[in-house]
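Taking it in order: structure first as structure tokens, then the write-up.
The model shown is predicted, which means the values in this text are computed figures rather than measured ones.
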Amino acid sequence: MSRTIRVPETGTRAPLGVDTTKASIARVYDYSLGGKDNYDVDRAAFEQVLAVAPRQRDVSRMNRDWLYRVVRYLAGQAGIDQFLDVGAGLPAVVNTHEVAQLGNRAARVVYVDNDPLCAAHGRAILAQNAFTHIVCGDLLEEGTLLQNREVLGYLEPDRPVGLIVCGLLHHLDDEFDPAGVIREYIERLPRGSYVAISHFWDPAEEDPAGHELAVRLQRVFVEGGLGSGRYRTREQIRAYFCGLELLEPGLVPLDDWWPFGPAVHTRPPEALMLGGLGYKPNSPLSLR
């Protein structure tokens with residue numbers, strides 16, 4: 001199975017570089033986390049979201065904290081020492097390689113993003129880290145990024161990999177078949193690998209009020225300045241883990257995934273994201 005990169009009509013997936021006339025997914029996310037690498041168009045796009053969901057910044061932070069916990073588990077208990085972080089965005093206060101290398105200084109991390117600005121910033125920051133690299137590439141590359149020559153120059157493709165797809169798949173429209181995209185990655189990953197995914201969530205009948213908010217938020221993301229941001233059901237997101245063993249506690253709201261301790265604050269209504277970690281077993285799962 002191979003894929004050719006296609007850019008949707010919104011244009012939001014096209015590499016934008018330093019184009020300040022269009023909002024960038026990476027720069028909007030940077031702004032949501034309080035970063036400085038963004039422009040007026042990015043801030044305006046996120047302000048539209050805040051008008052509907054005033055605590056959406058908290059959701060971005062939850063997503064980041066979830067990523068830290070996942071990487072800490074993978075680099076520690078799971079013994080993973082090479083990571084592929086796709087759609088990494090702009091460098092934040094703490095990044096995947098910093099968490100992974102706390103327990104293993106030789107852990108290798110390859111970041112990938114299709115925005116050249118992210119690659120430029122990343123290379124400047126990572127210049128002194130011999131075990132961390134950034135590649136300008138795309139999740140939808142033909143043959144997957146696991147066949148990308150630059151990526152393969154840093155990772156050993158026959159050894160387990162921690163594949164991180166954090167907050168990215170909801171920026172793929174249905175026409176790109178995000179479940180099919182991830183299925184191809186899973187097929188190509190060596191056994192013993194892990195796949196971590198977080199995604200905007202439409203709770204549907206689980207939470208009618210949450211469903212209504214998800215519909216409104218999707219409209220703002222898709223029809224607003226960003227042009228993408230799909231809220232999908234639990235069943236749709238669960239399909240991304242086909243062929244994997246989903247680790248406990250399963251596919252859950254981000255701050256329910258191995259929290260540090262009891263909740264110290266009330267979860268905001270806009271916390272409509274699920275996260276999960278799947279393991280590719282040493283023998284194929286029986287799929288019925």
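- Not counting sequence neighbours, the partners of Arg61 by the salt bridge (charged side-chain N to carboxylate O under 4.0 Å, His left out) test are Asp58.
- Formation of a donor-acceptor pair under 3.5 Å by the Arg57 side chain with backbone atoms of Leu33 is not found in this model.
- Not counting sequence neighbours, the partners of Ala106 by the side-chain contact (heavy atoms from CB on, under 4.5 Å) test are Asn104, Phe131.
- Residues Val195 and Tyr279 fail the side-chain proximity criterion, which asks for heavy atoms closer than 4.5 Å.
- Side-chain contact, Asn129 with Arg105: no donor N or O sits under 3.5 Å from an acceptor N or O.
- Clustering ILVMFWY residues whenever any of their side-chain heavy atoms sit less than 4.5 angstrom apart, transitively, puts Val215 in a cluster other than the one holding Val52.
- When all heavy atoms of Gly87 and Asp113 are compared, the pair lying nearest together is C-OD2, 3.4 Å.
- No side-chain donor-acceptor contact under 3.5 Å links Ser193 to the backbone of Pro160.
- For Asp256, the salt bridge (charged side-chain N to carboxylate O under 4.0 Å, His left out) partners at least two apart in sequence or on another chain are Arg267.
- Gln218 and Asp202 share no donor-acceptor pair across their side chains, judged by distance under 3.5 Å alone.
- When side chains are defined from C-beta on, Phe46 does not count as touching Asp42, because their heavy atoms never get closer than 4.5 Å.
- A donor-acceptor distance shorter than 3.5 angstrom exists from the side chain of Glu270 to the backbone of Arg55, with no hydrogens or angles considered.
- To the nearest 0.5 Å, atoms CZ (Phe241) and CG (Leu246) are separated by 5.5 Å.
- Between Gly243 and Pro281, the closest heavy-atom pair is O-CD, 3.9 Å.
- In this structure, Arg219 contributes its side chain and Gly224 its backbone to no donor-acceptor pair below 3.5 Å.
- Taking the side chain as every heavy atom from C-beta outward, Gln147 and Glu142 never approach each other to under 4.5 Å.
- By the 4.5 Å heavy-atom criterion applied to side chains, Val110 and Asp85 are not counted as neighbours.
- Between His199 and Tyr240, the ring centre distance stays below 6.0 Å.
- For Glu150, the side-chain contact (heavy atoms from CB on, under 4.5 Å) partners at least two apart in sequence or on another chain are Arg123, Val135, Asn148, Tyr154.
- Nearest heavy-atom pair across Val112 and Leu84 is CG2-CD1, 3.7 Å.
- Using modelled atom types, one side-chain atom of Asn38 and one backbone atom of Gly35 make a donor-acceptor pair closer than 3.5 Å.
- For the 3.5 Å distance criterion, the side chains of Gln236 and Tyr231 fail to qualify, holding no donor opposite an acceptor.
- Under the 4.5 Å side-chain contact rule for hydrophobic residues, Leu213 and Leu254 share a cluster.
- The hydrophobic cluster containing Val165 does not contain Tyr29, counting ILVMFWY residues as joined when their side-chain heavy atoms lie under 4.5 angstrom apart, directly or transitively.
- Counting heavy atoms from C-beta outward, Pro253 and Leu274 have side chains that approach closer than 4.5 Å.
- Side-chain atoms of Ser198 never come within 3.5 Å of backbone atoms of Asn63 as a donor-acceptor pair (strictly under, hydrogens ignored).
- Summarising the geometry, atom CG belonging to Leu244 is positioned 11.5 Å from atom CZ belonging to Arg183; distances are rounded to the nearest 0.5 Å.
- Formation of a donor-acceptor pair under 3.5 Å by the Asn95 side chain with backbone atoms of His97 is not found in this model.
- Rounding to the nearest 0.5 Å gives a distance of 8.0 Å between NZ of Lys280 and CD1 of Ile186.
- Judged by distance alone, the side chain of His170 and the main-chain N or O of Phe200 form a donor-acceptor pair under 3.5 Å.
- When ring centroids are compared, Tyr73 and Trp258 come within the 6.0 Å threshold.
- With Phe221 as the aromatic partner, Arg216 does not meet the cation-pi criteria of under 6.0 angstrom to the ring centre and within 45 degrees of the ring axis.
- Under the 4.0 Å criterion applied to side-chain N and carboxylate O atoms, Glu184 and Arg188 are assigned as salt-bridge partners.
- Atom-to-atom distance recorded for Thr132:OG1 and Tyr111:OH is 6.0 Å, nearest 0.5 angstrom.
- The distance from the CZ atom of Arg72 to the CG atom of Leu67 is 12.0 Å, given to the nearest 0.5 Å.
- What you find for Arg64 and Val94 is that their closest heavy atoms are NH2-O, 3.3 Å.
- Nearest heavy-atom pair, Ser32 versus Ser60, reported as atom, atom and distance to 0.1 Å: OG-OG, 2.8 Å.
- Remark: Arg69 pairs with no residue by the salt bridge (charged side-chain N to carboxylate O under 4.0 Å, His left out) rule, at least two apart or across chains.
- If you chain together hydrophobic residues whose side chains sit under 4.5 Å apart, Leu152 and Leu140 never meet in one group.
- Cluster membership for Leu102 and Val109, using ILVMFWY side-chain heavy atoms within less than 4.5 angstrom, is not shared.
- Residues His133 and Val151 form no side-chain contact, since every pair of their non-hydrogen atoms from C-beta on lies 4.5 Å or further apart.
- Considering all non-hydrogen atoms of both residues, Arg234 and Leu251 come closest at NH1-O, 2.7 Å.
- Considering only heavy atoms from C-beta on, Leu139 comes within 4.5 Å of Leu168 through its side chain.
- Partners of Arg159 under the side-chain contact (heavy atoms from CB on, under 4.5 Å) rule, at least two apart in sequence or in another chain, are Asp81, Gln82, Arg108, Glu156.
- A salt bridge links Asp174 with Arg232: at least one charged nitrogen is closer than 4.0 Å to a carboxylate oxygen.
- Under the 4.5 Å side-chain criterion, counting only non-hydrogen atoms from C-beta, Leu146 is not in contact with Pro157.
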